[in-house]
Amino acid sequence: MELSNKKWPLDFFMSQRQEVLKTWPTGADVDLDEAIGYQKGIPLDRRFVTKLNEAQKSRKTLVQPRAGVPLISEHIALLSHLEKEGEADLLPTTIDSYTRLNRYEDAQRGIDESKATGKAMLNGFPAVNHGITGCRMVTSALQTPVQVRHGTPDARLLSEITLAGGFTSFEGGGISYNIPYAKNAPMKETLYNWQYCDRLVGLYEDAGISVNREPFGPLTGTLVPPCVSNAVAIIETLLAAEQGVRNITVGYGQCGNLIQDVAAIRILEKQTNEYLERFGYKDVTISTVLHQWMGGFPQDEAKAFAVICWGSSVAALANATKVIVKSPHEALGVPTKEANAAGLRATKQMITMLADQSLDDGGRLEEEMSVIREETSCILERTLELGEGDVALGTVRAFEAGVIDVPFAPSRYNAGKIMPARDNNGAVRLLDAGNLPLNEKLLRFHRGKIHQRAEAENRGVSFQMVIDDIYAISKGRLVGRPH
Amino acid sequence: MELSNKKWPLDFFMSQRQEVLKTWPTGADVDLDEAIGYQKGIPLDRRFVTKLNEAQKSRKTLVQPRAGVPLISEHIALLSHLEKEGEADLLPTTIDSYTRLNRYEDAQRGIDESKATGKAMLNGFPAVNHGITGCRMVTSALQTPVQVRHGTPDARLLSEITLAGGFTSFEGGGISYNIPYAKNAPMKETLYNWQYCDRLVGLYEDAGISVNREPFGPLTGTLVPPCVSNAVAIIETLLAAEQGVRNITVGYGQCGNLIQDVAAIRILEKQTNEYLERFGYKDVTISTVLHQWMGGFPQDEAKAFAVICWGSSVAALANATKVIVKSPHEALGVPTKEANAAGLRATKQMITMLADQSLDDGGRLEEEMSVIREETSCILERTLELGEGDVALGTVRAFEAGVIDVPFAPSRYNAGKIMPARDNNGAVRLLDAGNLPLNEKLLRFHRGKIHQRAEAENRGVSFQMVIDDIYAISKGRLVGRPH
Amino acid sequence: MARTLVLGVIGADVHAVGNQILNYAFQDAGFHVVNLGVMVSQEEFIEAAVESAADAIIVSSLYGHGELDCQGFREKCDEAGLKGILLYVGGNIVVGKQPFEEVEQRFLKMGFDRVFGPGTPPEAGIRALNEDLSGDRRCGRSC
Amino acid sequence: MARTLVLGVIGADVHAVGNQILNYAFQDAGFHVVNLGVMVSQEEFIEAAVESAADAIIVSSLYGHGELDCQGFREKCDEAGLKGILLYVGGNIVVGKQPFEEVEQRFLKMGFDRVFGPGTPPEAGIRALNEDLSGDRRCGRSC
Ligand code: B12
Ligand code: B12
């Protein structure tokens, strides 16, 4: 079937499904009716959507970690710890990198060696290898709803197994789990594969089972201009809605400047709803997630706490529906459960402490929101144009043309022409806008901001600025100034 | 001599001095000329004033801990650790509670028992007992300027010994080191005793030695309305300036609401300068200090980090000249040097990360600034009226009348009639304004704010609100809501 | 009949907030409270207890000098004829973060009946008082 | 003449940022760099090293599977005729925060000449390369 943003016919989906379930033995256990029956048995208060909706209504910000280890019992112990000692409102199951690339044999080797050495040899939970039974052991052991978090370009089998396994939310998307997470995956292919996942979620929705979906907002986590990540989130939302998804959390990775970050989250929610309405998708509920700083962390734990807390403040002041939490071990390795829980507790304190405050709707915030809105529109409208009205096709062409362009991405299907850098107040701007279809006014705005910084630093505009910015947070700054 | 805000005649000061230096044997070693000579030998970059002026010029926020242990060598080791591992920009020497109350015999017992048991039995450094030599050992061992931080109603001998001992900054004031730190010290007496300290600093200034002075901003650290602490800071500044002090850091203890805190710090600096000008004090340089949350802390260290980091953000966004840092051990006891350094590093990361941002000058900030300015004026103008133009006399009478009134203060010379509570956004307001001379408009403003909260919480206005607010931060909230 | 408590913060300690809350909470719980406030000496505690025929003395110490300030308190009570009076201490009673069990032992040895760690909520004190004072006679350390 | 380095991120690892910076820094320091980017297999490293007659292979691993991905690398180099080629590895090469000395030992045992911990700045790599490649012959693990 040619790629287009059209809801997949059921029989086409079902025929694909036959193939997908064969790609690893555990696939054979998935029976959709049985799975829907199992999901129906999950109490409402253990479902992701319930928690998100409640939080949105009461303008609370929920707290969620990342976490995953190779073995089932250890994974349950880990999540229980984060639930109790971490006071997590939502739980994750982070999938290991082999599974993400469908390398299930390697994942098996990781499981075996982890058992043998008593050390975690995988960086996450290999859900496909553990199969439905393994997944259900995990999801049923906890009071708190659990989400699958991964980075899988082809997550078809993973979605089948984990949804049947009792997870009530599934992260990812055809762009956001391709460009930052793959080198050789054609955009066409990953959009297509994610239509599968979304269609599957749509089937659950049709059966009255509400499953949350979450495009991965931060992309490469490294100086991603808000307009780029917001455009991607909106596209993935439209693609998911078309396949029948009804509950979507759009995400954004903290850039570091308070005004820009709050503006980005606020306008992301607004603009997503606007595009949904424009394309006639009704009954889709949108919530937001802020990811605490996704770039390089300081190694010192006290300093890492500061980075974590700053992200938490921003989430609270922006009234994000949830915040994804880092740990004080971030710079060093996958955190122990204690370090993970400590990151959560610091975040919880910050979030609840700031629950009754939000950022002043002053001039600079409005200004920043309108800049991001305009940039994002430029990108989305050009994308739609390229796709002759079809956002799926448009996305493929937009990436070819560099109209959407993610900095520092590993994928060869990403142009890699834009170069971001911070302005004098730490907001992420474009040092080189590459082929992003920004209008002349916006380009002038970016140039002006970067030059202002260069002048303040008494140096020319150069790649060295970008490098300095990449290291900055880990060295205790936001803007990488020369010494 | 009757108390009045008049510069002490030199011979009067000198005659008092004879008595003061006799109150403990180590006083005999102080020779003013020798001391001035010693201070002249301290390199400029080890002086407090130099660092503060530089920071103010470059709009940097400096980071300073609290720290003090009973024995000299341990104290030096502690401060060296905070200098190196804590990256402190400024150092303290926190004085123990016996010394603060001139109970030098008890302090001696504490020194002796600390030596005997190998445990610190005092909560600070007994500088008077250690004398000039002990102090010089400390101040000369460090690259970073050191300040005396205490809480001493009668600090005359302490100021003599520590200034001769090479300290270049001296905290405190006749109000701020009385009301929160004493039970039975008449205001008249402490104002008088602090005129002595200020006059002494003035003598150093006359000799070309610049010594920083710092009124203690946070007072009882517990729901102190900004107008009360700002009024006290301004009064102590005027009193100090009259005696010849030339470099003053006015302080404020974080209340918790971002807008209110930034507003309080900004207007504090402004209004202090305005009053100085009005009374004709020229050449007095004013800088600001924000104290991280001074009330009850959460016991959990991760949560304590969040409280620390939130204070740091506020200091950075308010562009305070320095920030006084808490440690993750705050709720439990005097911190180990490691915990203290961790608090410092978290603060440093936050401050430098936010160095290039400040809060939007939006409507709510302006509004809050003008509220605090007006309240503070009401208090100060009534105080001046009561003193028939003399601020020292006025202060004594203002406290008698409850025109200045500090909540939760131990002093019987404080009216204790006002009752503060948070509004619905966490700003500290007046549930009961006692005898504070606020105008009707302001009183209506406070009543309105408190009622708004009561309504939101669906309960009546009561003391229970205040209790809930006192516990709130330690339980992870800012506003103490009913369950 | 309401039990009488003498309440105060010992030594040179000026931490007034917790004391005001304890005062409020103990009264609210039905005790008769003689609150001496902050900076209370052993002698003042004892004098007040004698005068008010108190059932218990509740000592707070927050600032760290508790260990020095409390030395010999039980003995002084005994001398003053308050033999067996219930003696509680609570707060941040030593300098620094120390293992609570060790601290507790040291203060029990000094003759306190109960020792409460940092941040103990008033309810814990009230519960303990209700237990220890539940008999119809004074019930001091001996029971 | 400029020394040639083969650079890449091993295994299923997509962390691209550090790789781009190392590429820039090594070139800036005068090396000739063959950068294979991310998701590079042992075979691809070796092939590129043979083709470019490289002086060293610089392996990055960030995502935690480094220990699995690097098994047998030295042996494969030997088989491919790259005996003695300089082999560095760096990044977050194991899962979790582990004592660096132990990790280093494990990777040295696997045949790597130098092992660099989390967040090592490029300059440290450059310094090491300049030392290890300073002779006028290739200087691998044997010297
Ligand atoms: C940004 C980031 C991402 C981005 C990467 C985007 C991209 N495609 O590049 C995204 C979000 C996609 C991502 C994904 C994942 N990540 Co990631 N990520 C990070 C993060 C925060 C920063 C990495 C970075 O860019 N740093 C900045 C650059 C400049 O530094 P660097 O990468 O360390 O490289 C420098 C040095 O290490 C050194 N160096 C590197 N190699 C060598 C070799 C030699 C010889 C020398 C001398 C020096 C040297 O020089 C480089 C340049 O200065 C780190 C944590 C951190 N460091 O703070 C985690 C981290 C590396 N990620 C981690 C993990 C586990 C993952 C995931 C599996 C998801 C998950 N479970 O959370 C996936 C992996 C996907 C995959 N298949 O690889 C873990 C690895 C854990 C471990 N080793 O125990 C880390 C440490 C976070 C953590 N504590 O859990 N990640
Ligand atoms: C506010 C505060 C101040 C204010 C006090 C204002 C005032 N006059 O009241 C100011 C700024 C003036 C101040 C001064 C000092 N402080 Co102070 N202060 C605090 C702080 C932050 C909060 C105290 C508070 O009000 N808490 C809220 C109330 C409600 O709780 P609470 O006091 O703990 O009381 C409750 C419980 O403990 C319990 N409780 C108390 N007694 C008893 C008894 C029984 C039987 C029971 C059941 C329960 C019970 O019930 C109370 C009500 O809920 C604490 C640290 C913390 N807790 O976060 C430090 C702290 C108590 N201060 C400390 C110190 C050292 C000082 C100073 C010496 C200055 C310094 N070196 O930093 C001076 C001392 C001056 C003096 N002579 O006493 C230390 C004590 C260290 C130690 N024990 O090892 C602490 C722990 C901070 C620290 N970690 O260093 N402080």
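The basis for the numbers below is simple: all heavy atoms, side chains too, and nothing from hydrogens, waters or symmetry mates. What you are looking at is a predicted structure, and each value in this text was computed from that prediction instead of being measured.
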Taking side chain as everything from C-beta outward and backbone as N, CA, C, O, which of these in [X] sits under 4.5 Å from a heavy atom of chain C? Side chain, backbone, both or neither.
X	value
Ala331(B)	backbone
Phe463(B)	side chain
Pro180(B)	backbone

Q.
Out of Val69(B), Leu122(B), Ile470(B), return the one with the most heavy atom pairs under 4.5 angstrom to chain C.
A.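 Option with the top pair count is Leu122(B).
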
(Q) Can you tell me which of Ala339(B), Pro407(B), Gly333(B), Gly151(B) forms the most heavy-atom pairs within a distance under 4.5 Å of chain C? (A)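 Heavy-atom pairs under 4.5 Å are most numerous for Gly333(B).
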
Q: Report the relative orientation of the aromatic rings in His130(B) and Phe125(B); use parallel for angles under 30°, tilted for 30 to 60°, perpendicular for over 60°.
A: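 Ring orientation, 0 to 90° scale: tilted.
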
Q | Straight-line distance of Phe107(C) CZ to Cys70(C) SG, nearest 0.5 Å | A |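 Reported value, rounded in 0.5 Å steps: 5.0 Å.
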
Q.
I need the Ile10(C) CD1 to Ile58(C) CD1 distance, nearest 0.5 Å.
A.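 If we round to the nearest 0.5 Å, Ile10(C):CD1 and Ile58(C):CD1 are 12.5 Å apart.
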
Q: Using ring-ring contact (aromatic ring centres under 6.0 Å, His included) as the criterion, list what pairs up with Phe73(C), not counting sequence neighbours.
A: Phe45(C)

**Q.** Contacting moiety of Leu68(C), where chain B heavy atoms sit under 4.5 Å
**A.** both

Hey, can you dump all donor-acceptor pairs under 3.5 Å between chain B and chain C, distances included?
{"residue": "Tyr98(B)", "atom": "OH", "partner": "Asp69(C)", "partner atom": "OD1", "Å": "2.5"}
{"residue": "Asn123(B)", "atom": "N", "partner": "His65(C)", "partner atom": "NE2", "Å": "2.9"}
{"residue": "Asn123(B)", "atom": "OD1", "partner": "His65(C)", "partner atom": "NE2", "Å": "3.1"}
{"residue": "Asn123(B)", "atom": "ND2", "partner": "Tyr63(C)", "partner atom": "O", "Å": "2.7"}
{"residue": "Lys183(B)", "atom": "NZ", "partner": "Leu36(C)", "partner atom": "O", "Å": "3.1"}
{"residue": "Lys183(B)", "atom": "NZ", "partner": "Val38(C)", "partner atom": "O", "Å": "2.5"}
{"residue": "Gln299(B)", "atom": "NE2", "partner": "Pro118(C)", "partner atom": "O", "Å": "2.7"}
{"residue": "Glu301(B)", "atom": "OE2", "partner": "Lys97(C)", "partner atom": "NZ", "Å": "2.4"}
{"residue": "Ala331(B)", "atom": "O", "partner": "Asn92(C)", "partner atom": "ND2", "Å": "2.9"}
{"residue": "Leu332(B)", "atom": "O", "partner": "Asn92(C)", "partner atom": "ND2", "Å": "3.0"}

Q: Report the C-alpha separation of Leu7(C) and Leu36(C) in whole Å, then their side-chain angles, then the decisive distance to 0.1 Å, and conclude whether the side-chain contact (heavy atoms from CB on, under 4.5 Å) test is met.
A: CA-CA 6 Å; Leu7(C) 177 69; Leu36(C) 305 175; over 6 Å; no

